[in-house]
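Scroll down for the structure; my scribbles are underneath it.
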Amino acid sequence: MMENESRHLEQIFQLIPSGLFTVDTAQRITSWNRRAEEVTGYTVEEVIGKKCTIFTEYPCREYCGVFSKKIKKPITNKECTIKRNDGHLRIVLKNADLIKDENRTIIGAIESFEDITERKKAEAVLKRDKATLEMLVNKKTKELLAAVEKFNKVKRLSDIGALTAIIAHELRNPLAAIRTAAYNIKRKVQNPSLDSHLQNIEKKVLEADQIIDNVLIYSRIKPPQFEKAKLYNLLDECIATAKIRFPDCRISIRKICKTPKECFVEADQLQLKEVFSNILNNAYESFKKKKGGITIRSWFDKQGHFNISFEDKGVGIMPEDLKRTTEPFFTTKKNGVGLGLAICDQIVNLHNGNMKIESKVGKGTTVTITLPVSR
Amino acid sequence: MVSRKIMVVDDDKEFLEELKEMLIFSGYEVTGINDSTIALKVARVVKPDVILLDLRMRSTSGFEIANGLKSLIETSNIPVIAMTGYYTLKEHSWLINFCGIKRCLKKPFNPLDIIAEIEKVMETA
Ligand SMILES: Nc1ncnc2c1ncn2[C@@H]1O[C@H](COP(=O)(O)OP(=O)(O)O)[C@@H](O)[C@H]1O
Ligand SMILES: [Mg+2]
């Protein structure tokens, strides 16, 4: 009966699909099953009587929990590393408990372990894949949101586009009548006391006309007609126009060009003129005292893109306004329309370019346009 | 000097009134036409020296009128100056040229500019 039971136990000991071994109180190995041989590479003969540290690594080598009073027994699902007899490290998951005799005296310990190295590897890969996947999903989500935002903006633009174009045009007829009527009054009445009022009418008609122009340009921005645009000529024209536009400003313009004079960019000349003019206008308007300097720089960046920046030392833009400057109709100026930079932004985007606005209140503003040289 | 005959076609009644007044004051003889459908007929009768023509009108458009003028022997030599708040000379130049329109002024123009234009086209006519 006893013998039978013992044979039975031996059978279980050998057949169980986990590494299984026992040690005495001095941690010398007293038994060692087949699966333990497979996992560690050590045969029974090689380990019996040896200390179990012959194959244990971190953390069991420094600190074996089984015989420590502080650790609760049985120990279950503890992860540790072992070293096979061929030197390879394996990760195992182990359970361990003390063996006591009938007097409850500790006479040794029993430990079972399972090789989970492959599982750990798979988990690591999975974890990495999960992280990559999450990152990808995040990125795509962001892209999608950006696209939706862009779509909404474009949609808004096309809505105001169609309607404003009609309204803007229609407004020119009454303006024409008002302007001519004012002229007729002046000629007929010949009364100098009316002159200032009539001048105001004229001035406001022109202002309204300017607003209509801006709105129309904005609503009419079409896909660019690409041609080889000589930017220096364009720029010089815009500078000349700005000087005429602001006759009572004393602004010096400095050009620092690191790009050859003859270089060109595939772009819509009229549209780029619009961009340069608007940026220059803003720079001129940024000088409260109507005097100062504007620096225009050009260079090719590492990607070979054409860059041009307009730097003024004017009033600057408040941080909370900075991101709104390209919003249609955003303005902080008394007579502003708020379409200048919106137009620039649209045009630059249609050229697959980029517009960057940097500014510090009281220090000045730099607007940088980046354009691909060819489409 | 015989006074020059100007015909003005515009469907904006108040503008037409003011422009007519202004031109008369400047010494021209003026026929104002508010209803663009009769413009061609009137032009044949009046035989103006210059026609000032609004392009976008509710009924017959300025382009149609200009085309009609061009195709009739009696009117084909009358210089036409277009006035428009809608079409730009730059963008619509082919359309404007196609209809035989010599000059184009953008509304709201300075009244003095229209006189300069009138004198210019009559010089070359
Ligand atoms: N160079 C600049 N210096 C200071 N503020 C600027 C400059 N450029 C743009 N801004 C700010 O951005 C706003 C929007 O500019 P813009 O779209 O050109 O419209 P607007 O000039 O009609 O106000 C301006 O009202 C101003 O507050
Ligand atoms: Mg502006």
Side-chain angles (χ1 to χ4, degrees), chain A residues 161-190 195 198-225 227 237 241 268-274 277, chain B residues 6 8-28 30 32-34 36 52-59 61-63 81-96 103-118:
Chain A
L163 193 66
T164 45
I166 294 168
I167 295 172
H169 283 299
E170 292 302 331
L171 280 174
R172 286 213 168 111
N173 278 322
L175 285 179
I178 293 169
R179 196 172 180 190
T180 317
Y183 177 84
N184 286 338
I185 294 172
K186 189 173 149 80
R187 288 225 337 213
K188 258 194 192 165
V189 181
Q190 300 276 5
D195 282 359
L198 293 170
Q199 257 163 36
N200 281 342
I201 292 178
E202 168 93 3
K203 197 171 155 214
K204 291 294 138 182
V205 166
L206 291 181
E207 247 177 60
D209 192 39
Q210 184 63 52
I211 294 174
I212 291 172
D213 275 347
N214 279 325
V215 171
L216 282 180
I217 290 168
Y218 189 60
S219 67
R220 261 210 228 123
I221 296 174
K222 288 186 293 241
Q225 297 201 319
E227 54 191 328
E237 276 177 53
T241 321
D268 186 312
Q269 308 223 41
L270 288 178
Q271 291 191 349
L272 281 195
K273 238 165 117 172
E274 205 61 54
S277 294
Chain B
I6 313 276
V8 186
V9 187
D10 199 304
D11 67 344
D12 184 326
K13 196 165 143 277
E14 287 74 26
F15 175 71
L16 183 66
E17 231 167 67
E18 293 294 340
L19 187 62
K20 217 174 118 180
E21 176 95 31
M22 194 274 291
L23 291 170
I24 291 168
F25 203 88
S26 302
Y28 299 99
V30 185
I33 292 171
N34 195 215
S36 62
L52 303 184
L53 188 60
D54 184 20
L55 288 181
R56 195 177 144 93
M57 290 181 284
R58 272 173 278 276
S59 35
S61 86
F63 292 115
I81 300 172
M83 306 176 293
T84 179
Y86 216 97
Y87 302 95
T88 64
L89 203 46
K90 213 183 276 162
E91 280 175 55
H92 303 93
S93 55
W94 68 272
L95 189 60
I96 290 166
R103 310 284 306 169
C104 191
L105 275 175
K106 192 183 132 215
K107 283 183 185 173
F109 45 77
N110 184 337
L112 294 176
D113 287 345
I114 199 123
I115 292 171
E117 287 293 334
I118 290 169

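Side chains included, hydrogens not; waters and symmetry mates left out as well; all remaining heavy atoms used. Labels below follow one simple rule: chain letters A, B, ... track the order of the sequence lines, proteins then strands, and each chain is numbered from 1.
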**Q.** For A/Thr180 against B/Pro111, the heavy-atom pair lying closest together
**A.** CA-CG, 4.1 Å

Q: Measure A/Asp209 against the heavy atoms of chain B and call it side chain, backbone, both or neither at under 4.5 Å.
A: side chain

Q. About how many Å separate CD1 of A/Ile185 and CD of B/Glu21, when rounded to the nearest 0.5 Å?
A. 10.5 Å

(Q) Which heavy atom of B/Glu18 sits nearest to which heavy atom of A/Ala181, and what is that distance? (A) OE1-CA, 3.1 Å

Q: Measure the CG-NZ distance between A/Leu175 and B/Lys107 for me, rounded to the nearest 0.5 Å.
A: 10.5 Å

Q. Hey, which of B/Asp54, B/Leu112, B/Asp10 has the most heavy atom pairs under 4.5 Å with chain A?
A. B/Leu112

(Q) What I'd like to find out is whether the side chain of A/Glu170 reaches to under 4.5 Å of the side chain of B/Arg56, using heavy atoms alone. (A) yes

Q. What option among B/Met83, B/Met22, B/Glu17, B/Glu14 has the most heavy-atom pairs under 4.5 Å with chain A?
A. B/Met22

Q: Quick one: pull up CG in B/Leu16 and CG in A/Asn173 and give me the separation to the nearest 0.5 Å.
A: 11.5 Å

Q. NZ/B/Lys106 to CG/A/Asp213 distance, rounded to the nearest 0.5 angstrom?
A. 4.0 Å

Q: Measure the spacing between OG1 of B/Thr84 and CZ of A/Arg172 and express it to the nearest 0.5 Å.
A: 8.5 Å

Q. If you measure from CZ on B/Phe15 to CZ on A/Arg179, what distance do you get to the nearest 0.5 Å?
A. 10.5 Å

